[in-house]
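Read through the structure below, which is laid out as structure tokens, and then see the notes.
Note that these values count all heavy atoms, side chains included, but never hydrogens, waters or copies made by symmetry. Note that the structure is predicted; figures quoted are calculated from it, not measured.
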Amino acid sequence: MSKNPKDPSGAAARQRLQMADIARLAGVSTSTVSRALSGSSLVNEETRKRVLELARSLKYSINIGAQNLRLKQNRTIGVVVPYDAHTRQHLSDPFFLSMLGSLADALTEQGFEMLLSRVDAETLDAAARPFDNGRVIGVILIGQWRHHEQLNQLAARGVPIVVWGAQLPQQLYCTIGGDNLTGGRLAVAHLLEGGRRRIAFFGDAKLPEVEQRQAGYHAALAGRGIAPEPLLHVSASFLPQGGAEAVAELLRRGVPFDAVFASSDLLAMSAINALRQAGLRVPEDVAVVGYDDIELASYFHPPLSTVRQPVRAAGHAMVAALLALVDGAAVASRQLPTELVVRDTSAGA
């Protein structure tokens with residue numbers, strides 16, 4: 001047992017043992033391993049790569065980030081936007097851009113720089129490479145997509161990581177996210193209060209955040225004693241044409257509807273254009289509410305009713321959480337409030 005009162009679990013002793021294992025396998029001294037892990041120029045590139053690969057294979061927690069932060073040698077945080085082949089959501093998506101802007105502002109205020117990268121969501125280990133090689137002190141990931149277990153694995157091996165997303169069962173990593181359940185409930189309750197009863201839902205409920213928005217949709221219907229109708233649920237991607245494709249599918253099914261709750265503003269805007277082309281008026285024939293409140297929402301014609309995501313607060317909350325993790329603190333996940341913004345697309349709804 002460790003005699004260090006600040007290390008009652010013996011973590012320091014285990015770390016020394018792992019470093020000795022790496023040294024033995026690499027055929028170098030423990031001091032060389034320590035220098036290699038900290039990015040010292042005294043270690044040649046071939047040795048450094050060999051040590052890093054062994055460290056990863058042994059799931060050694062390479063705590064370069066905390067060391068560099070204490071020494072004031074590294075003021076860079078990695079920001080990663082995964083590319084998911086299923087959703088194919090582009091980096092130019094207005095929500096991503098607004099979130100990146102919020103993070104950039106929060107990091108600048110704290111005196112940190114941002115290293116932006118895009119990785120394949122199927123290989124999220126790549127998100128940790130800048131941390132493993134000492135380029136960043138920690139990682140902020142915008143979106144958890146369908147890869148909860150991969151994120152748990154990164155957290156389990158000691159990568160300081162904060163994820164914008166939904167809180168899920170058995171979660172080891174820290175998430176900061178909007179209150180999707182309340183957001184969905186507010187949107188649909190508003191449509192119900194305006195007399196709409198056949199409300200379609202557009203979104204991919206396999207994504208954790210969208211699933212929670214759909215749960216809010218169901219909760220609002222249940223509050224009025226209305227059973228959800230499966231034919232009114234249309235799985236839709238976040239691509240610009242997603243809303244148009246969802247409207248086409250809804251019309252193909254021949255199911256009557258008088259409102260749409262779309263799980264993003266881009267989905268809602270694309271849907272409105274498609275509804276017009278089909279001869280339906282918004283909001284007279286079909287009321288529409290989106291989600292996110294991107295800047296374009298208030299300039300759209302007609303201005304879009306939507307659920308506002310706390311984007312500015314999110315940037316500050318994610319940076320604060322990551323810096324606390326780097327300092328070794330236990331950080332709880334947080335859910336930030338969402339609010340309904342009523343504009344013309346649901347006027348009279």
Exercise for review: Would you sort out whether Leu192 and Ile226 count as a side-chain contact (heavy atoms from CB on, under 4.5 Å), showing the intermediate values?
Suggested key: CA-CA 10 Å; Leu192 290 167; Ile226 301 172; 3.7 Å; yes

Check your understanding: Would a distance-only check, ignoring hydrogens and angles, find a side-chain to backbone donor-acceptor pair under 3.5 Å from Arg334 to Ile176?
Key -> no

Review point. Between Lys49 and Glu53, is there a side-chain N and carboxylate O pair less than 4.0 Å apart?
Key: no

Study note, to complete from the structure: Taken in chain and number order and not counting sequence neighbours, the residues that satisfy ring pair (Phe, Tyr, Trp, His ring centres under 6.0 Å) with His233 are Tyr217, His218

Check your understanding: Would you say Asp132's side chain and Leu52's backbone share a donor-acceptor pair under 3.5 angstrom?
Key -> no

Exercise for review: Can you see which heavy atom on Ile272 is nearest to which on Val288, and at what distance?
Suggested key: CG1-CG2, 3.9 Å

Revision key, fill the gap. Rounding to 0.5 Å, atoms CG (Asp258) and CD (Glu284) come to a distance of 13.0 Å

Review point. Any chance CD of Glu45 has more than 12 other-residue heavy atoms, nucleotides or ligands included, within less than 6.0 Å?
Key: yes

Check your understanding: When rounded to the nearest 0.5 angstrom, what distance separates CD in Gln167 from OG1 in Thr175?
Key -> 4.5 Å

Check your understanding: Side chains of Ser102 and Asp105: is there a donor and an acceptor less than 3.5 Å apart?
Key -> no

Check your understanding: Judged by atom type as modelled, is there a donor-acceptor pair below 3.5 Å linking the side chain of Ser98 to the main-chain atoms of Phe95?
Key -> yes

Check your understanding: Is it the case that one hydrophobic cluster holds both Leu103 and Val311, taking links as side-chain heavy atoms less than 4.5 Å apart, direct or via other members?
Key -> yes

Exercise for review: Using modelled atom types only, decide if a donor and an acceptor are shared between the side chain of Thr345 and the backbone of Ser305 within a distance under 3.5 Å.
Suggested key: yes

Review point. Cut-off 3.5 Å, side chains only: do Ser333 and Gln171 have a donor facing an acceptor?
Key: yes

Practice item. Using a strict cut-off of less than 4.0 Å between a Lys/Arg side-chain nitrogen and an Asp/Glu carboxylate oxygen, indicate whether Arg75 and Glu113 qualify as a salt bridge. Key: no

Practice item. Look at Asp285 together with Arg276 and state whether they make a salt bridge at an N to O cut-off of under 4.0 Å. Key: no

Review point. Please, which pairs that meet salt bridge (charged side-chain N to carboxylate O under 4.0 Å, His left out) have at least one residue in residues 222-242, sequence neighbours excluded?
Key: Arg198-Glu229

Review point. Rounded to the nearest 0.5 Å, how far apart are OH of Tyr299 and CG of Leu304?
Key: 14.0 Å

Point to revise | Spacing of CD1 belonging to Ile142 relative to CE belonging to Met318, to within rounding of 0.5 Å | key: 6.0 Å

Review point. So does Asp293 pair up with Arg343, basic N to acidic O under 4.0 Å?
Key: yes

Practice item. Could you tell me whether a side-chain N or O of Asp179 sits under 3.5 Å from a main-chain N or O of Thr182, the two making a donor and an acceptor? Key: yes

**Study point:** Closest approach of Ala104 to Met114 (non-hydrogen atoms, all atoms of both residues)
**Key:** CB-CE, 4.2 Å

Point to revise | Exam field: side chain Arg308 to backbone Thr338, donor-acceptor pair closer than 3.5 Å | key: no

Check your understanding: Does Asn44 reach the main-chain N or O of Glu46 with its side chain, forming a donor-acceptor pair under 3.5 Å?
Key -> yes

Review point. CZ of Phe131 to CD1 of Ile77: how many Å apart, nearest 0.5 Å?
Key: 12.0 Å

Review point. Can you tell which of Asp292, Leu296, Leu266 makes a side chain to side chain contact (heavy atoms under 4.5 Å, CB included) with Pro94?
Key: Leu266

Practice item. Classify the side-chain pair Gln144/Tyr173 by whether it contains a donor and acceptor separated by less than 3.5 Å. Key: yes

Exercise for review: Say whether, by atom type as modelled, one donor and one acceptor occur between the side chain of Arg118 and the main chain of Pro82 under 3.5 angstrom.
Suggested key: yes

Exercise for review: Taking atom types as modelled, find out whether His190 and Ser346 have a side-chain donor-acceptor pair closer than 3.5 angstrom.
Suggested key: yes

Exercise for review: Check whether any side-chain N or O of Arg213 sits under 3.5 Å from a backbone N or O of Ser263 as a donor-acceptor pair, and report yes or no.
Suggested key: yes

Exercise for review: Kindly compute the distance separating CZ (Phe112) from CG (Leu323), expressed to the nearest 0.5 Å.
Suggested key: 4.5 Å

**Study point:** Ile199 and its side chain to side chain contact (heavy atoms under 4.5 Å, CB included) partner, picked from Val188, Val289, Val286
**Key:** Val188

Review point. Would you say Arg50 has more than 12 foreign heavy atoms packed within less than 6.0 Å of its CZ?
Key: yes

